[in-house]
Amino acid sequence: MVSSRAAECVRRGTPFPVTELSVRPFERLAEATAPDGTLLSLCRHDGAYLIRVDGVELMSTRRSHSERELARLACASLAGATAPHVLIGGLGFGFTLRAALEILPADARVLVAELVPEVIEWNRNPEYDLAGDALRDPRVDLRHTDVSNVLRESPGVFDAILLDVDNGAEPLTTADNGRLYGAAGIRRTLAALKSDGCVAYWSATLVPQFMKLLGRVGLEASAQQVRAHATSGPLHTIILARRAVKAAPVA
C-alpha cells in the first residue's frame with residue numbers, strides 16, 4: 001500500500017522517497033529436501049507461488065506459458081487419438097498437466113512422476129491454489145517416483161513423453177537429473193515410446209550439445225523458443241523429438 005504522502009506526490013507528479021513504498025514480503029510457506037540434499041522452498045509473493053532452489057527461483061505461477069506450450073506442442077496430435085497414454089516427468093505447479101488434460105480425450109491416461117513428495121503435498125494442499133483440481137481428474141495417475149524408473153519399466157508404452165524435470169538439459173536442482181539428458185537416458189526414453197511416439201523436453205535454455213546428442217541417438221529433433229509469459233519474460237526452449245525416418249534405399 002502506498003502512504004497518503006506518497007499518493008499525494010504521485011498526484012502532483014513530484015518525486016517521493018522509495019522508503020514510502022510498502023514492499024510486499026516473500027512468505028516462506030514450506031521447505032523440502034531433494035534426494036541429493038538440495039533445499040527447495042515454497043514461497044508466496046503478492047498472490048503468486050514460487051519454488052526456490054537454494055534461494056534461486058526455479059518456477060513461478062506467474063511464469064507458466066512455456067510449461068503449457070510443452071503440453072500443447074507434444075499432445076496436439078493426440079486430441080483425436082483413441083486412449084492415448086502420456087507420461088509427464090515432473091509435476092511442478094501442474095501447468096503442463098492441466099494443459100495436457102485440456103487437449104487429451106476422455107479415454108486418455110496420464111501418468112505423472114514426481115520425485116519430491118513435498119511437491120505432491122503442496123499441490124494437493126487445499127490452502128494453496130495449485131494443481132489439486134487437475135490431480136483429481138480420473139485420467140491422472142500420480143506417482144511419487146523418479147521418472148527414470150517409469151521409463152525403465154515401460155517399454156513401448158507411451159504415445160508422448162513430456163519431460164519438465166529440473167532446469168532441463170542443464171540441471172539446477174538434483175545432479176542425478178542430468179542422467180535423463182545423457183545418451184543412456186535418451187535411449188531409455190526412446191525405448192518407452194511407441195513406434196510413432198513423441199518426446200518433448202522443456203529446457204530453461206537452448207543447449208546445442210543436447211540437440212546434437214538427440215540426433216546421434218537416432219531422433220529427429222526441433223527446438224522452439226517460447227516466452228515464460230505469453231508476450232514477455234525470458235525465453236525458454238521446447239524440444240520435440242521423434243524417431244528418425246530411415247531413407248528408402250536408392251534403386
Side-chain angles (χ1 to χ4, degrees), residues 26-45 48-64 66-68 70-71 87-98 100 110-125 127-132 134-135 140-154 161-186 188-189 192 199-205 207 209-210 213 228 234 236-239:
F26 276 84
E27 301 175 73
R28 182 169 293 189
L29 304 173
E31 291 185 344
T33 303
D36 69 345
T38 303
L39 179 66
L40 283 72
S41 301
L42 175 67
C43 301
R44 182 166 51 203
H45 178 252
Y49 291 90
L50 308 88
I51 292 180
R52 288 178 158 186
V53 176
D54 291 333
V56 178
E57 182 180 315
L58 178 65
M59 66 186 72
S60 167
T61 55
R62 283 204 178 100
R63 298 183 175 189
S64 62
S66 62
E67 296 167 28
R68 294 176 184 274
L70 174 68
L87 170 64
I88 298 177
L91 174 59
F93 285 137
F95 289 108
T96 298
L97 173 61
R98 280 201 198 93
V110 183
L111 195 163
V112 182
E114 173 54 52
L115 181 62
V116 181
E118 289 86 353
V119 171
I120 296 174
E121 294 171 11
W122 299 341
N123 277 279
R124 282 179 166 163
N125 190 332
E127 295 182 13
Y128 310 141
D129 184 20
L130 298 175
L135 294 176
V140 176
D141 176 12
L142 175 60
R143 298 183 191 177
H144 165 221
T145 187
D146 190 323
V147 69
S148 293
N149 296 334
V150 178
L151 295 170
R152 189 179 299 109
E153 298 162 1
S154 310
I161 297 173
L162 289 62
L163 295 176
D164 184 2
V165 176
D166 205 326
N167 217 33
E170 293 182 328
L172 172 67
T173 305
T174 301
D176 284 350
N177 287 335
R179 294 180 299 181
L180 279 172
Y181 304 97
I186 297 170
R188 187 179 302 122
T189 302
V199 58
Y201 296 91
W202 183 98
S203 185
T205 59
V207 182
Q209 303 95 311
F210 180 63
L213 182 57
H236 298 152
T237 301
I238 309 297
I239 301 164

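The model shown is predicted, which means the values in this text are computed figures rather than measured ones. By convention here, the first residue in the shown sequence is residue 1.
One finds the CD atom of Glu31 at 9.5 Å from the CG atom of Leu40 (value rounded to the nearest 0.5 Å). How far CZ of Phe93 is from CG of Leu50: 6.5 Å, rounded to the nearest 0.5 Å. Here the straight-line distance linking atom CG of Leu70 with atom CD1 of Ile238 works out to 5.0 Å at 0.5 Å rounding. Rounding to the nearest 0.5 angstrom, the gap separating the CD1 atom in Ile120 from the CG atom in Leu130 is 13.0 Å. Rounding to the nearest 0.5 Å places OG of Ser154 at 10.0 Å from CG of Asn149. For the atom pair CG (Leu42) and CD (Glu121), the distance works out to 11.5 Å, reported to the nearest 0.5 Å.
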Phe210 and Ile239: side chain to side chain contact (heavy atoms under 4.5 Å, CB included), yes or no, with the steps?
CA-CA 10 Å; Phe210 180 63; Ile239 301 164; 3.8 Å; yes
In sequence, state the C-alpha distance, the side-chain angles, and the governing distance for Glu153 and Thr145, and then conclude on side chain to side chain contact (heavy atoms under 4.5 Å, CB included).
CA-CA 12 Å; Glu153 298 162 1; Thr145 187; over 6 Å; no
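Side-chain contact check for Trp122 versus Ile51: some heavy-atom pair is nearer than 4.5 Å. Side-chain atoms of Leu180 and Leu151, non-hydrogen and from C-beta on, do get closer than 4.5 Å to each other. Phe95 has its side chain out of reach of Asp164: every pair of non-hydrogen atoms, C-beta onward, lies at least 4.5 Å apart.
Judged by distance alone, with hydrogens and angles left aside, the side-chain atoms of Thr96 form a donor-acceptor pair with the main-chain N or O of Glu67 at under 3.5 Å. Proximity of a side-chain donor or acceptor of Glu114 to a complementary backbone N or O of Leu91 within less than 3.5 Å is detected. No side-chain donor-acceptor contact under 3.5 Å links Ser41 to the backbone of Cys43. Side-chain atoms of His144 come within 3.5 Å of backbone N or O of Leu115 as a donor-acceptor pair.
The environment of CZ in Arg124 is sparse: at most 12 heavy-atom neighbours from other residues, nucleotides or ligands sit within 6.0 Å. Taking a 6.0 Å sphere around CG of Asp129, one finds it holds 12 or fewer heavy atoms contributed by other residues, nucleotides or ligands.
A parallel orientation is assigned to the rings of Phe26 and His45, their planes being inclined by less than 30° (bins at 30° and 60°).
Closest non-hydrogen pair, Gly89 versus Val165, comes out as O-CG2, 3.3 Å. The two atoms that bring Arg98 and Ala131 nearest to each other are NH2-CA, 3.4 Å, heavy atoms only. Ser203 and Thr205 get closest at one heavy-atom pair: OG-O, 2.6 Å. Closest approach of Ala100 and Ala71 over heavy atoms only: N-CB, 3.6 Å. Among all heavy-atom pairs drawn from Ile88 and Leu97, the shortest one is CD1-CA, 3.8 Å. Nearest heavy atoms, Gly92 versus Asn123: O-ND2, 2.9 Å.
Arg44 meets the side chain to side chain donor-acceptor pair (under 3.5 Å) test with Glu27, Tyr49; sequence neighbours excluded.
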